[in-house]
Amino acid sequence: MVKMKEQLKKIILASGSPRRRELLAGLGMPFEVVVLPDVDESYPDTVKADDVPEYLAQKKAEAYTSLLTEDGKLVITADTVVILDGRIFGKPQNAEEAIQMLRTLSGKTHHVITGVCLMTRGQKHHFSVRTEVTFKVLAECEIDYYIDTYRPFDKAGAYGIQEWIGYIGCTGLKGSYYNVMGLPVQRIYEELEKMVEWTMPTSN
């Protein structure tokens with residue numbers, strides 16, 4: 001039996017990230033930002049590094065179940081990590097940790113993985129998107145300038161690809177650029193088309 005698509009009434013973006021808000025807004029679909037406090041983002045040691053973002057996106061979505069009070073409401077959760085040689089680089093706690101992260105990523109190719117969960121009262125779709133990013137060898141003065149000026153403590157791997165460090169440091173990128181920013185909007189659009197019906201925005 002083919003499941004009928006739900007009529008989309010409301011999208012909830014469960015993220016305080018300004019980059020995710022900007023990217024989702026680019027799809028032309030109205031949404032509301034709701035950030036619940038103290039959502040548990042721990043994960044078992046048995047979860048493979050590549051699977052952590054998708055695991056956490058699903059875990060975050062479960063925390064928002066109480067908001068899905070009627071059909072047509074959909075919540076989007078996401079989690080982004082940087083991975084090099086099986087090691088996860090999350091958000092740095094301070095400048096020292098951010099500097100160490102960029103020193104480690106300098107001159108190497110790493111992967112950025114974003115896990116996403118799209119959930120309504122009756123459906124839950126989850127997936128992850130991987131992008132390969134290569135950095136040149138970063139000079140110590142470049143790392144110091146970037147950390148001091150941009151203070152990327154809210155970013156996985158201690159960098160934003162759309163910021164100065166991406167302009168001068170990224171020598172190669174394979175996959176979705178927007179995924180590295182924190183939200184693979186092309187894939188989200190694709191998955192939403194499978195789940196729900198909505199009215200496309202029109203130009204004036």
Side-chain angles (χ1 to χ4, degrees), residues 3 8 11-27 29 31 33-36 39-65 67-68 74-92 101 104-105 108-120 122-135 152 154-162 166 170 172-196:
K3 183 177 177 62
L8 182 62
I11 294 176
I12 298 169
L13 175 62
S15 174
S17 165
R19 295 165 298 283
R20 289 188 178 132
R21 292 199 298 269
E22 176 188 351
L23 291 171
L24 188 59
L27 291 182
M29 304 169 69
F31 64 92
V33 174
V34 178
V35 181
L36 298 180
V39 174
D40 181 16
E41 296 188 24
S42 62
Y43 55 89
D45 293 339
T46 53
V47 179
K48 294 180 181 178
D50 287 11
D51 297 332
V52 165
E54 191 170 342
Y55 176 93
L56 289 178
Q58 293 181 76
K59 189 172 184 179
K60 290 178 184 178
E62 293 300 326
Y64 285 79
T65 302
L67 300 184
L68 302 176
L74 180 142
V75 65
I76 300 176
T77 55
D79 191 84
T80 301
V81 299
V82 168
I83 297 178
L84 176 64
D85 298 331
R87 175 186 168 191
I88 292 177
F89 293 71
K91 298 174 183 177
M101 285 185 181
T104 305
L105 297 175
K108 299 184 179 71
T109 296
H110 62 271
H111 292 94
V112 178
I113 301 178
T114 300
V116 177
C117 186
L118 310 174
M119 189 169 71
T120 68
Q123 301 182 72
K124 184 168 78 168
H125 287 208
H126 51 88
F127 56 89
S128 59
V129 175
R130 171 192 295 262
T131 303
E132 183 180 281
V133 181
T134 302
F135 275 168
D154 63 335
K155 298 176 177 66
Y159 78 91
I161 194 71
Q162 74 279 9
C170 179
L173 189 148
K174 184 177 181 181
S176 168
Y177 172 82
Y178 300 114
N179 183 56
V180 184
M181 285 182 66
L183 203 65
V185 283
Q186 187 280 326
R187 179 68 183 278
I188 287 175
Y189 181 86
E190 188 177 290
E191 294 295 329
L192 285 174
E193 283 192 308
K194 300 174 186 176
M195 294 178 67
V196 295

Would you please test Lys59 and Ser42 for side-chain hydrogen bond (donor to acceptor under 3.5 Å, both in side chains) and show each step? CA-CA 9 Å; Lys59 189 172 184 179; Ser42 62; 3.1 Å; yes
Ser128 (side chain) donor-acceptor with Glu54 (main chain) under 3.5 angstrom: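 Not confirmed, Ser128 side chain does not pair with Glu54 backbone.
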Check the surroundings of atom CG in Asp85: do more than 12 heavy atoms from other residues, nucleotides or ligands lie under 6.0 Å from it?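 Not buried by this count: 12 neighbours or fewer within 6.0 Å.
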Other residues, nucleotides and ligands only: do more than 12 of their heavy atoms fall within 6.0 Å of OH on Tyr43?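 At most 12 heavy atoms, drawn from other residues, nucleotides or ligands, come within 6.0 Å of this atom.
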Answer with yes or no whether the side chains of Gln58 and Glu62 bring together a donor and an acceptor at under 3.5 Å.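 No, because no side-chain N or O of Glu62 sits under 3.5 Å from a partner of the opposite role on Gln58.
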Assess the side chains of Arg20 and Thr80: does a donor N or O sit below 3.5 Å from an acceptor N or O?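 The criterion, which ignores hydrogens and geometry beyond distance, is satisfied for Thr80 and Arg20.
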Find the distance between CG (Leu13) and OH (Tyr64) and round it off to the nearest 0.5 Å.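 It comes to 8.5 Å.
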Hey, what do you get for OG1 (Thr131) to OH (Tyr178), rounding to the nearest 0.5 Å?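 Answer rounded to 0.5 Å: 12.0 Å.
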Less than 4.5 Å apart, any side-chain heavy atom of Tyr55 and any of Asp79?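 Not touching, per the 4.5 Å side-chain cut-off.
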Evaluate side chain to side chain contact (heavy atoms under 4.5 Å, CB included) for Leu67 paired with Val34, printing each intermediate quantity in order. CA-CA 10 Å; Leu67 300 184; Val34 178; 3.8 Å; yes
One thing to verify: whether Glu191 and Lys194 come together as a salt bridge, which I'm taking to mean a side-chain N less than 4.0 angstrom from a carboxylate O.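 Salt bridge: yes.
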If we check side-chain contact (heavy atoms from CB on, under 4.5 Å) with Met119, which of these qualifies: Leu74, Thr77, Ile76, Leu68?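 Going through the options one by one, the only one that passes is Leu68.
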